[in-house]
Structures are given as structure tokens and as C-alpha cells.
Amino acid sequence: MATPYTPTVTGTGVRATIQRFGGHLAGMIMPNIGAFIAWGLITALFIPTGWLPNKTLAELVGPIISTLLPVLIGYTGGRMVHAQRGAVVGAVATMGVVVGADVPMFLGAMIVGPLAALILKYVDRFTAERTRAGFEMLVDNFTAGIVGAVMAIAGVLAIGPIVEKVTEVAGGGVEWLITHSLLPIASVIIEPAKVLFLNNAINHGVLGPLGVAESVKHGKSILFMLESNPGPGLGLLIAYLLFGPRSLRPSTPAAMIIHFFGGIHEIYFPYVLMKPRLILAVIAGGASGVLTFLVTGAGLVATPSPGSIFAYMAVTPKGGWFGVIAGIVIATAVSFAVAAALLGFGRANGDRADDAAQAATPNNTGDTAIMSDENRDTTGETAAENVPATKEA
């Protein structure tokens with residue numbers, strides 16, 4: 001399902017299937033990102049370790065994260081499946097997983113909201129042909145109420161506890177990586193997946209919920225920074241500006257502004273797809289940034305969305321500036337160094353014009369036009385086809 005927040009995905013391969021699934025996850029999160037930002041700002045300002053500690057206002061933090069945000073996600077997921085009726089039933093069902101678990105139920109809401117709406121959709125199909133004229137409203141209200149009540153009960157007794165256990169296992173795995181200082185290895189998976197436009201699915205579908213659970217316990221989490229660090233993409237774009245094909249260089253300053261200050265990471269993905277070997281640069285940058293975060297004990301209080309430097313600063317806990325900024329700077333430097341080396345420091349393709357290549361130039365809508373298959377750079381690599389840019393969360 002294409003939404004205003006996710007690109008249309010075509011094809012039937014594994015990649016298309018994963019992208020489509022990631023689009024569903026992002027479609028449930030992105031419309032509610034303002035609520036996440038509101039929670040992050042309230043948390044950063046008013047908790048005991050915040051910038052303006054306030055016991056009364058800090059009482060907003062718990063209910064928003066444990067109830068409001070999951071219900072919004074379940075509501076949105078239900079609406080994606082079965083319009084307004086699905087949205088209402090999805091919200092009711094989500095209350096079941098909220099009550100049935102002691103951790104923030106983002107994952108549970110992503111499951112039970114669309115599931116309840118899907119069940120109601122099939123029930124409506126069944127009753128539509130069997131309902132006498134004049135009884136439609138009565139039947140519709142009761143079927144929605146019954147499905148919502150049943151799914152809420154299932155959430156309390158089954159879905160909530162199961163998702164809580166899965167979250168604990170996943171959190172234990174991440175905790176093991178952190179304990180053994182192996183968390184940078186996650187970049188080997190995260191960075192290639194980002195370039196395939198799975199960034200929203202990874203950030204909001206996996207790392208975000210785990211980060212929220214850790215943030216509730218410890219006041220901050222490094223998991224919010226594994227995917228959203230703008231450093232690797234910035235370093236790659238700087239390397240393109242200095243050493244990339246001459247025809248691409250004019251497009252990179254605008255891309256850097258959109259990426260670093262606007263938080264739209266998708267703007268740099270086509271630059272990697274044009275030269276796939278550059279994935280090594282963003283992996284190295286991401287891993288070095290994570291390692292720096294680990295060494296300095298850095299963390300954020302909420303997901304920085306969009307992943308811009310401004311969002312990072314807004315959700316940085318009091319006293320945590322050094323580690324956060326250092327991780328971004330080092331990730332940028334490492335990504336730049338590796339990308340520059342892979343581009344041959346301009347010797348191979350950057351010191352002469354390549355008139356046959358078409359520049360990847362961001363247009364006014366944030367989309368990126370990429371060189372077609374007929375146009376190749378001097379290394380013989382085929383350029384990526386047009387890929388739409390979507391907003392990073």
C-alpha cells in the first residue's frame with residue numbers, strides 16, 4: 001500500500017516484498033511522528049535529568065509513551081487496512097496489548113491494529129450480503145464492537161505478553177552486543193538495508209521500540225542513533241563533491257543541506273547505488289560512529305526524526321552533547337576518507353567532465369533524478385534508475 005509517506009513499490013521479488021513490508025511499518029509511524037517529537041521534547045525538558053525539571057509536567061511522559069503513542073499507531077494501522085472502521089477497531093484492540101504488557105507496545109500496536117482491522121474487513125464482507133435493509137447501522141456497530149472487544153481481550157491474554165517476551169529477547173541480544181562492545185557490527189546490516197530504502201522499517205519498526213524501552217529504564221538509549229546518524233551520508237556526499245564524477249558535483253551541496261539539516265537521508269542513497277562499492281564507506285562511517293557513541297556513553301531520549309542535526313540536538317539529554325557530536329563528526333570523517341579512497345581521490349573520474357553522464361540533481365520536491373542505464377561513468381558502472389526519495393524519520 002502506497003501512502004503519502006512511503007513510495008510505491010512494484011515487483012514480486014524478495015527485495016520488493018521487504019520494501020513493501022517496510023512501507024507498511026513506516027506508514028503506521030510517519031503520520032504520527034509529530035506525537036513522537038512532542039513526547040521527545042517533553043521528556044528532554046521536564047524529566048528529573050532534563051533541561052527544565054518539572055515534576056508535574058514530567059507526569060505526561062509515562063502516559064504518552066505507554067498509551068497514547070501505541071494507540072495512535074494501532075489507529076493508523078487499522079485505518080490503512082479498513083478505513084475509519086478499521087481505525088476505531090485497531091485503537092480498541094491496541095488497548096488490549098497496552099494493558100497486557102509492561103513495556104511500551106509499539107510492536108504490539110503494529111501487529112494488533114492492522115490485524116483487528118483485517119478481521120473486521122472480512123466480517124463486513126460476510127455480513128454485507130446478509131443484512132436486511134434498515135439494519136445496516138445496527139449490524140455495523142455491533143460487529144465493530146464485538147471484533148474490537150475480542151481483539152482487546154486477545155491482546156491482554158496473548159498478543160501483549162508474546163510481544164513483550166519477543167522484545168525482551170531482542171533487547172537481550174542488543175544488550176549482549178553492547179556488553180561485548182560489538183554493537184558497531186550492526187552497521188554491516190543496517191547501512192546496506194538503508195540504501196535499499198528500508199531505513200524507516202529498521203528505525204521505526206525495530207530500533208525505535210527497543211530504544212524506547214531502554215530509554216524508559218535508563219533515561220537515554222544508543223539504539224536511537226544506530227540508523228539515524230547523519231554522519232555517514234554527509235561524509236559520502238562530501239567525497240562526491242570533491243572527488244566524484246564532475247557531472248555529479250554540482251548536485252551534492254544541495255543534497256548535503258537536505259540530508260544533514262533536513263534529515264532526508266534518502267537523498268544520498270542513489271549516490272551509493274550508482275557506485276555500489278561505496279556501501280563500504282557508509283558501513284565504516286556507521287560503525288565508527290556507533291563505536292564512538294559506545295565509548296563516550298552517548299544516548300538520546302527519543303528517536304531523532306527526521307534524522308537531522310537539529311533533531312539530534314533537540315533530543316540530546318542534558319550533559320550529553322560531547323558524545324553525540326563526536327559520534328557524528330567521526331562517522332562523517334571515516335565515511336569521507338573511505339569514500340574518497342574508493343573514488344580514487346578524483347584520479348579515475350573526477351578530474352575530467354563526463355558529458356555522457358546525467359547528474360543526480362535533487363528537484364524541488366525532494367526527488368532525485370538518477371542517470372539512466374544507458375549512461376555510465378568512466379569506470380563502467382551502471383547508474384541506478386530513478387528512485388523516489390521519502391522522508392527519513
Result block: side-chain N/O donor-acceptor pairs under 3.5 angstrom for residues 284-294, not counting sequence neighbours:
from	atom 1	to	atom 2	distance (Å)
Ser288	OG	Ala284	O	3.1
Ser288	OG	Gly285	O	2.8
Thr292	OG1	Ser288	O	2.8

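Rounded to the nearest 0.5 angstrom, Thr332 OG1 and Phe336 CZ are separated by 11.0 Å. Atom CG of Leu234 sits about 5.5 Å away from atom NE2 of His259, to the nearest 0.5 Å. Taking CG of Leu236 as the reference point, atom OH of Tyr271 lies at 9.5 Å (rounded to 0.5 Å).
Taking the six-membered ring where tryptophan is involved, the planes of Phe310 and Phe261 are tilted, since the angle between them lies from 30° to 60°.
Every pair passing side-chain hydrogen bond (donor to acceptor under 3.5 Å, both in side chains) that includes a residue from residues 106-133 is listed here, sequence neighbours excluded: His82-Asp124, Arg85-Asp124. Within the structure, the side-chain hydrogen bond (donor to acceptor under 3.5 Å, both in side chains) test picks out the following pairs touching residues 52-78 (sequence neighbours left out): Asn32-Thr76, Tyr75-Gln84.
Within a 6.0 Å sphere centred on CD1 of Ile189, other residues, nucleotides and ligands contribute 12 heavy atoms or fewer.
Panel note: side chain Ser187, backbone Ile190; no donor-acceptor pair is recorded below 3.5 Å. Not a single donor-acceptor pair under 3.5 Å links the side chain of Asn229 to the backbone N or O of Met225. Ser215 places no side-chain N or O within 3.5 Å of a backbone atom of Ser221 that could act as its donor or acceptor partner. Side-chain atoms of His265 never come within 3.5 Å of backbone atoms of Gly233 as a donor-acceptor pair (strictly under, hydrogens ignored). Between the side chain of Thr94 and the backbone N or O of Val71 there is no donor-acceptor pair closer than 3.5 Å.
Follow the hydrophobic side-chain contacts under 4.5 Å out from Phe135 and you never reach Val123; the two are in separate clusters.
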Going through the distances and angles, do Tyr268 and Met256 end up as a side-chain contact (heavy atoms from CB on, under 4.5 Å)?
CA-CA 8 Å; Tyr268 80 81; Met256 284 189 283; over 6 Å; no
Derivation of the side-chain contact (heavy atoms from CB on, under 4.5 Å) call for Tyr312 and Ile328:
CA-CA 10 Å; Tyr312 256 71; Ile328 295 174; 3.8 Å; yes
Derivation of the side-chain contact (heavy atoms from CB on, under 4.5 Å) call for Phe46 and Leu60:
CA-CA 9 Å; Phe46 302 125; Leu60 289 168; 6.0 Å; no
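You'll find the side chain of Leu278 reaches within 4.5 Å of the side chain of Tyr240, heavy atoms only.
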